[in-house]
Amino acid sequence: MSEQTLSNLMHEDRRFEPPAEMAADANVQEEAYARADADREAFWADAAERLDWGRKWDQVLDWTDPPFAKWFVGGTINASVNCVDRHVDAGNGDKVAIHWVGEPDDDTRDITYAQLKDEVSKAANALTELGVQKGDRVAIYMPMIPEVVVAMLACARLGAPHTVVFGGFSADALASRITDCDAHVVITSDGGYRRGAASALKPAVDEAVEKTGDLVRHVLVVRRTGQDVAWDDSRDVWWHEAVDGASADHEAEMHDSEHPLYVMYTSGTTGKPKGILHTTGGYLTGTSFTHWEVFDLKPETDVYWCTADVGWVTGHSYMVYGPLANGATQVMYEGTPEKGRWWQIVQDYKVTIFYTAPTAIRTFMKQGREIPDGYDMSSLRLLGSVGEPINPEAYIWYREVIGGDRCPVVDTWWQTETGQIMISPLPGVTAGKPGSAMKALPGISADVVDDDAKSVGNGNGGYLVLKEPWPAMLRTLWGDDERFKETYWSRWPGLYFAGDGAKLDDDGDVWLLGRVDDVMNVSGHRLSTTEIESALVSHPKVAEAAVVGAADETTGQAVCAFVILRDSAGDGGEDIVEELRKHVAKEIGAIAKPRQIMVVPELPKTRSGKIMRRLLKDVAEDREVGDVTTLADSTVMDLIKSKETSAS
Ligand code: 6R9
């Protein structure tokens with residue numbers, strides 16, 4: 001990356017030392033880095049020892065046929081047994097596994113590990129009745145209700161890989177995933193609650209099933225909202241009829257360590273979604289260990305809450321498999337972030353560890369601190385962030401307003417593909433820098449390289465790569481080994497290309513700069529969308545910003561920014577655009593000054609909260625706006641377009 005990338009991020013020199021008490025008592029201490037460096041495989045073998053195995057492995061890692069890794073070769077394990085039975089067997093059956101909070105007020109359920117074990121066993125028996133066998137794929141399309149966790153663990157128990165499709169996806173998206181992984185059974189519900197109203201899910205399943213011909217033999221339906229549903233007796237089965245009456249005894253088979261656990265579809269930049277395949281032993285080792293390490297989990301006393309939807313990898317690794325394998329007590333919330341509801345939940349359940357995404361934090365910042373200030377959140381001791389770079393302002397706000405200036409913030413970098421957290425501070429060890437994910441975790445080897453795969457060294461930027469295999473890594477793309485090799489391993493031999501740009505500061509700490517496809521080239525200078533967004537958000541009137549590089553005849557690309565103002569800024573005043581352009585010039589340099597700034601009411605986001613820059617680029621380049629089907633709210637683009645017309 002050129003010298004011209006005058007990073008305002010790198011001017012950040014605030015440091016937050018871990019609280020002394022946490023440092024003294026942390027699950028993972030500084031020595032872990034050296035221990036893992038000395039013998040990586042022994043380090044991961046120790047992590048695997050934390051789980052219950054049927055048969056121990058003969059070999060920790062087989063990397064003789066890269067990029068196809070095998071972890072804990074010869075071992076057998078059952079993920080479901082590790083997530084439920086072993087806690088019951090250890091005498092913790094009465095411990096709450098899930099404090100479930102429904103969207104309608106007063107709709108709550110506490111589920112103990114013993115109850116969860118019974119439900120999972122019943123569901124496994126019911127699925128067997130429906131003809132599901134080891135190796136069969138099962139599609140799950142559900143809201144955030146306990147049955148989705150039960151369904152996943154029942155599949156895992158049988159060795160039937162699940163593919164969870166986010167409940168906000170369309171019937172088309174569901175159909176293409178069912179077809180791609182050849183699923184004969186779909187688990188769903190009549191509907192779910194969204195912003196106070198029942199919203200249907202079953203019709204989308206019916207439509208998807210229709211589109212897939214005679215592929216789907218059974219649809220298992222949880223009654224959640226009680227709304228009317230169309231019913232096909234030959235195919236549809238009520239969950240309460242099939243599961244409630246089933247036996248709670250289920251002898252689980254131990255599966256091969258490399259037996260497929262699940263397929264999670266993630267969108268590439270173009271083309272059909274990629275089915276990321278995760279297998280059992282390594283995945284469970286990587287997720288449970290990092291959950292215990294990065295969140296410093298004390299299972300006896302902590303109340304953990306990850307706000308991610310189960311339809312995303314964060315929900316899989318850090319709401320289902322990691323925390324449950326660790327015997328954690330956690331909160332699961334059905335709804336979306338609304339004003340004070342989250343903080344009410346933190347107060348009510350005395351949540352100690354809280355894990356969310358920067359986009360949510362910025363939304364709350366926009367609403368003002370008075371809302372969270374109205375709740376007692378003194379139970380919190382650790383905060384996590386995931387999904388996109390967290391700009392220093394959001395980090396500081398999160399730390400101060402939500403964390404009472406006493407909780408470390410762990411900014412965790414990872415991907416659907418990596419399965420587990422890869423780069424993150426260790427809460428008892430690292431003096432955190434706002435905006436930096438800091439260092440690769442012990443046992444993980446990451447670097448930042450240039451076009452020729454050479455390490456860029458401290459003080460420089462380039463591409464983030466992973467140099468050594470890790471336990472929870474994807475094993476392939478479902479049914480497409482070639483695309484797996486091509487997408488991640490073909491750019492440089494032996495290196496996993498993550499698709500993210502990153503910079504190493506003078507201490508060698510990592511600053512994520514967004515996807516490399518979001519890197520702009522303005523007059524031959526490389527600029528990161530993230531850096532400019534961060535500069536904009538550091539202005540007191542700005543709540544959120546998205547930046548794209550739009551084609552420009554003279555400069556190649558030009559910086560175009562879309563900003564949402566804070567409620568307190570009103571309309572920002574007449575000169576708001578000029579004021580913000582100057583601010584960026586001051587923060588980063590004249591080269592980064594946006595050619596165009598549009599003040600907008602909303603930004604187009606995917607349902608996982610990622611800004612769809614592609615659509616903003618269409619606006620900036622004055623094109624017809626492209627495919628909006630993966631937007632959380634498809635009306636947002638109309639709002640933005642109408643702003644544009646009224647401004648011009
Ligand atoms: C877990 C998850 C992966 C992409 C990844 C990167 C971005 C995730 C981040 C982050 C900066 C972090 N990303 N965490 N960027 N700092 N802490 O989000 O998986 O949905 O597959 O997205 O998200 O660009 O490549 P996934």
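For ligands, and for the atoms within them, numbers begin at 1 and follow the listed sequence.
Per-residue contacts place T412 under 4.0 angstrom from the following atoms of ligand 1 (heavy atoms of the residue considered): 9 (C), 12 (C), 14 (N), 17 (N). Within ligand 1, counting atoms from 1 as listed, the ones closer than 4.0 Å to a heavy atom of V313 are 1 (C), 19 (O). Heavy-atom contacts of V386 reach the following atoms of ligand 1: 1 (C) (cutoff under 4.0 Å). Close contacts of ligand 1 with T314, meaning ligand atoms under 4.0 Å from a residue heavy atom, involve 1 (C).
Among the candidates T287, T412, T290, the single residue satisfying the side-chain hydrogen bond (donor to acceptor under 3.5 Å, both in side chains) test with Y318 is T290.
To the nearest 0.5 Å, the span separating CG on L477 from CD1 on I276 amounts to 5.0 Å.
A heavy-atom separation below 4.0 Å is not found between W312 and ligand 1. Contact between A437 and ligand 1 is absent, with no heavy atom of the residue lying under 4.0 Å from the ligand.
A salt bridge links K433 with D507: the closest approach of a Lys/Arg side-chain nitrogen to an acidic carboxylate oxygen falls below 4.0 angstrom.
In R491, the CZ atom is crowded: over 12 heavy atoms of neighbouring residues, nucleotides or ligands sit closer than 6.0 Å.
Considering only heavy atoms from C-beta on, Y488 stays 4.5 Å or farther from F497 through its side chain.
At a heavy-atom distance under 4.0 Å, atoms from both the backbone and the side chain of Q415 approach ligand 1.
The heavy atom nearest to atom 3 (C) of ligand 1, out of those in W511, W413, Y318, W414, is found in W414.
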